[in-house]
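To start, the structure itself, in structure tokens.
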Amino acid sequence: MSPRRWLLADQLGPHFLDDSDQPVLLIEARELFRRRPMHRQKAHLILSALRHRAAELGDRAVLLRTGTFREALDQLTGPVEVCHPHSRVGLRFARSVPGLAVLPPRGFVTSQADFAAWAEQRRRGPLRMVDFYRHALRRHGVLATSAGGAPARRRPRSAAAQPLPPPPPLVEDEIDVQVRRDLDRWAADGVRFVGRDGPRRHPATHAEAEARLTHFLAHRLPEYDRYADVMSVHDPLLAHSALSSSFNLGLLDPAPAVRAAEKAWRDGAAPRAAVEPFIRGLLGWREFLWQLYWYLGPRRAGGPAATEPLPEWFAELDADAVEARCLADVLAAVRDGAWTHHVPRLLVLGNYALQRDWCPTELADWFRRSFVDGTDWVMNATVVGMSQYADLPRVDTRPYAVDGSDIDEISDYCTGCRYVPERALGDLACPYTGGFETFLFRNRERLVGDPRLAAELARRDDPEHREAVLAQEEKRGSTPP
Ligand code: SF4
């Protein structure tokens with residue numbers, strides 16, 4: 001008899017099983033939800049996905065509900081195996097369980113050995129996503145064309161343009177009803193959540209995720225590039241797929257998704273200019289972050305130690321306390337739906353924290369707990385390395401620091417905000433502009449290698465103006481803007 005395959009809560013798609021009658025173990029361990037307050041909708045999605053998978057597998061699967069993973073494993077007899085967990089804590093635990101076989105990782109296109117070989121070739125140089133992406137395209141034969149060259153860039157669409165068709169709504173079922181009841185009971189028993197409960201907005205099964213992917217490829221992929229870098233108060237989704245939680249729960253396998261997007265281009269259903277950035281996100285960024293997490297190991301990030309704690313209004317998603325229109329809208333989206341696309345994450349949330357020296361590891365933990373797709377391996381490099389400007393060993397990171405005018409250029413937030421994006425001083429000063437200048441003044445030595453920010457510093461570095469901005473930001477402190 002084949003060993004029982006333990007499917008972790010982020011290994012729930014068919015590509016985590018090999019044959020159609022292998023017995024399966026699923027574990028719902030409360031310790032996962034007790035450690036730090038998780039967004040209520042994230043907890044719902046995890047439990048719903050686990051229970052839907054158990055229902056799909058029927059008699060083949062046992063679903064154990066215990067306090068800890070070890071309690072569940074102690075109940076089993078016979079051989080058990082698990083695919084390589086997706087966090088260092090999970091891997092350490094799996095390796096500590098006597099007799100538990102740990103299989104190679106799944107759910108990623110590039111193998112760890114291939115990445116290590118690529119990284120070793122660059123022994124002296126920094127590791128850059130763009131170089132890795134080129135390697136991955138060649139290695140997997142994706143987007144190969146005899147014409148060569150980059151696709152023509154198309155003009156970005158305005159954030160206020162006609163909305164694209166949204167994905168079909170998800171219909172909650174009896175499993176979701178039971179999950180909601182259980183979470184209410186847990187909350188009454190003292191398990192703390194952040195954010196608001198609401199209808200399930202993200203797929204909990206492979207079938208739901210596939211249906212959303214098919215809809216995205218047909219309706220939003222053709223416009224993907226034109227909305228990739230804008231934000232709108234009227235349309236939080238724009239042309240994004242919002243499938244990151246489906247990939248990170250293992251419901252979708254990225255390799256066929258990459259092929260399906262490529263096929264849309266080859267069939268003439270989407271221009272290459274739109275398909276390429278989507279594939280870059282999946283085959284480039286997503287894989288690069290996953291590989292860095294394991295390749296670099298738990299080494300601490302360098303750079304200046306930003307140590308300010310997250311203020312309570314931010315940690316608790318208190319959007320109503322905030323007047324800055326962009327931050328209030330994005331924080332409300334996280335509170336009410338546990339998701340925003342990557343631009344508000346970097347330029348509204350991460351940028352605000354970077355400007356105020358908030359502790360990067362605390363911020364990464366907040367992102368991991370507050371977003372339905374939050375994982376250790378994504379947040380490690382994106383939050384600590386990229387959005388927060390802490391040096392990761394050997395990785396070429398750039399700070400995502402921008403001011404209010406930059407936010408105004410790519411969004412419709414500033415019209416109707418009580419602040420003025422160009423102003424750094426005074427009652428109407430935009431907190432992002434004052435914060436941006438404070439960041440420049442405080443980090444002047446580090447900006448030498450960054451021509452954009454060095455030029456911004458030179459343009460604004462008048463001593464009198466500098467003292468006034470620093471004094472104003474000091475006074476603003478950690479109060480909600
Ligand atoms: Fe955000 Fe500043 Fe624009 Fe207001 S003015 S929406 S705070 S960037």
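Excluded from the calculations below are hydrogen atoms, water molecules and symmetry mates; all remaining heavy atoms, backbone and side chain alike, are included. Everything quoted here is computed from the prediction, not taken from an experiment. Nothing fancy with the numbering, it's 1 onward along the sequence.
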Taking atom types as modelled, is there a side-chain donor on [X] or [Y] under 3.5 Å from an acceptor on the other?
{"X": "Gln11", "Y": "Arg106", "value": "no"}
{"X": "Asp373", "Y": "Ser245", "value": "no"}
{"X": "Tyr413", "Y": "Asp329", "value": "yes"}

When you measure from the side chain of [X] to the backbone of [Y], do you find a donor-acceptor pair of N or O atoms at a distance under 3.5 Å?
{"X": "Glu362", "Y": "Leu310", "result": "yes"}
{"X": "Arg128", "Y": "Val130", "result": "no"}
{"X": "Arg220", "Y": "His215", "result": "no"}
{"X": "Arg36", "Y": "Arg369", "result": "no"}

What residues form a salt bridge (Lys or Arg N to Asp or Glu O under 4.0 Å) with Glu422, not counting sequence neighbours?
none

Restricting to salt bridge (Lys or Arg N to Asp or Glu O under 4.0 Å), what partner residues turn up for Arg280, sequence neighbours left out?
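With sequence neighbours excluded, Arg280 shows a salt bridge (Lys or Arg N to Asp or Glu O under 4.0 Å) to Glu276, given in chain and number order.
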
Indicate yes or no: does [X] engage [Y] in a salt bridge with an N to O separation below 4.0 Å.
{"X": "Arg35", "Y": "Asp365", "answer": "no"}
{"X": "Arg88", "Y": "Asp376", "answer": "no"}
{"X": "Glu456", "Y": "Arg460", "answer": "yes"}
{"X": "Arg259", "Y": "Asp253", "answer": "no"}
{"X": "Arg476", "Y": "Glu473", "answer": "yes"}
{"X": "Arg335", "Y": "Asp318", "answer": "no"}
{"X": "Arg442", "Y": "Asp357", "answer": "yes"}

Apply ring pair (Phe, Tyr, Trp, His ring centres under 6.0 Å) to [X] and list each qualifying residue two or more places apart in sequence or on a separate chain.
{"X": "Phe69", "result": "Trp6"}
{"X": "His84", "result": "Trp294"}
{"X": "Phe193", "result": "none"}

Residues Ser244, Trp339; criterion side-chain contact (heavy atoms from CB on, under 4.5 Å); working and verdict:
CA-CA 10 Å; Ser244 45; Trp339 184 87; 3.7 Å; yes

Given side chain to side chain donor-acceptor pair (under 3.5 Å), test Asp412 with Ser232 step by step and report yes or no.
CA-CA 6 Å; Asp412 52 13; Ser232 173; 3.0 Å; yes

Given the side-chain rings of [X] and [Y], with only the six-membered ring counted for Trp, is the space between their centroids under 6.0 Å?
{"X": "Phe115", "Y": "Tyr295", "value": "yes"}
{"X": "Phe247", "Y": "Trp290", "value": "no"}
{"X": "Tyr432", "Y": "Tyr419", "value": "no"}
{"X": "His341", "Y": "Tyr227", "value": "no"}

Is it the case that over 12 heavy atoms from other parts of the model lie below 6.0 angstrom from the CZ atom of Arg423?
no

Roughly how far apart are [X] [atom1] and [Y] [atom2], rounded to 0.5 Å?
{"X": "Ile410", "Y": "Ser405", "atom1": "CD1", "atom2": "OG", "result": "12.0 Å"}
{"X": "Arg272", "Y": "Trp265", "atom1": "CZ", "atom2": "CH2", "result": "5.0 Å"}
{"X": "Arg325", "Y": "Ile407", "atom1": "CZ", "atom2": "CD1", "result": "13.0 Å"}

For His135 and Asp114, run side chain to side chain donor-acceptor pair (under 3.5 Å): C-alpha distance rounded to whole Å, both residues' side-chain angles, the deciding distance at 0.1 Å, then the answer.
CA-CA 10 Å; His135 165 80; Asp114 186 15; 3.2 Å; yes

Please verify the inter-ring angle class for Tyr224 with His240; under 30° counts as parallel, over 60° as perpendicular, anything in between as tilted.
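Ring orientation of Tyr224 relative to His240: perpendicular.
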
Relative to the ring of Trp285, is the ring of Phe288 parallel (under 30°), tilted (30 to 60°) or perpendicular (over 60°)?
perpendicular

Before giving the answer on side-chain contact (heavy atoms from CB on, under 4.5 Å), spell out for Leu283 and Val142 the whole-Å C-alpha distance, their side-chain angles and the decisive distance to 0.1 Å.
CA-CA 9 Å; Leu283 189 67; Val142 176; 4.1 Å; yes

Donor-acceptor contacts, no H, no angles, side chain residues 46-57, under 3.5 Å, sequence neighbours left out:
| from | atom 1 | to | atom 2 | distance (Å) |
| --- | --- | --- | --- | --- |
| Ser48 | OG | His52 | ND1 | 3.1 |
| Ser48 | OG | Asp176 | OD1 | 2.8 |
| Arg51 | NE | Glu28 | OE1 | 2.8 |
| Arg51 | NH1 | Asp182 | OD2 | 2.9 |
| Arg51 | NH2 | Glu28 | OE2 | 2.8 |
| Arg51 | NH2 | Asp182 | OD2 | 2.9 |
| His52 | ND1 | Ser48 | O | 2.8 |
| His52 | NE2 | Asp173 | OD1 | 3.3 |
| His52 | NE2 | Asp173 | OD2 | 2.6 |
| Arg53 | NE | Leu12 | O | 2.9 |
| Arg53 | NH1 | Glu56 | OE1 | 2.9 |

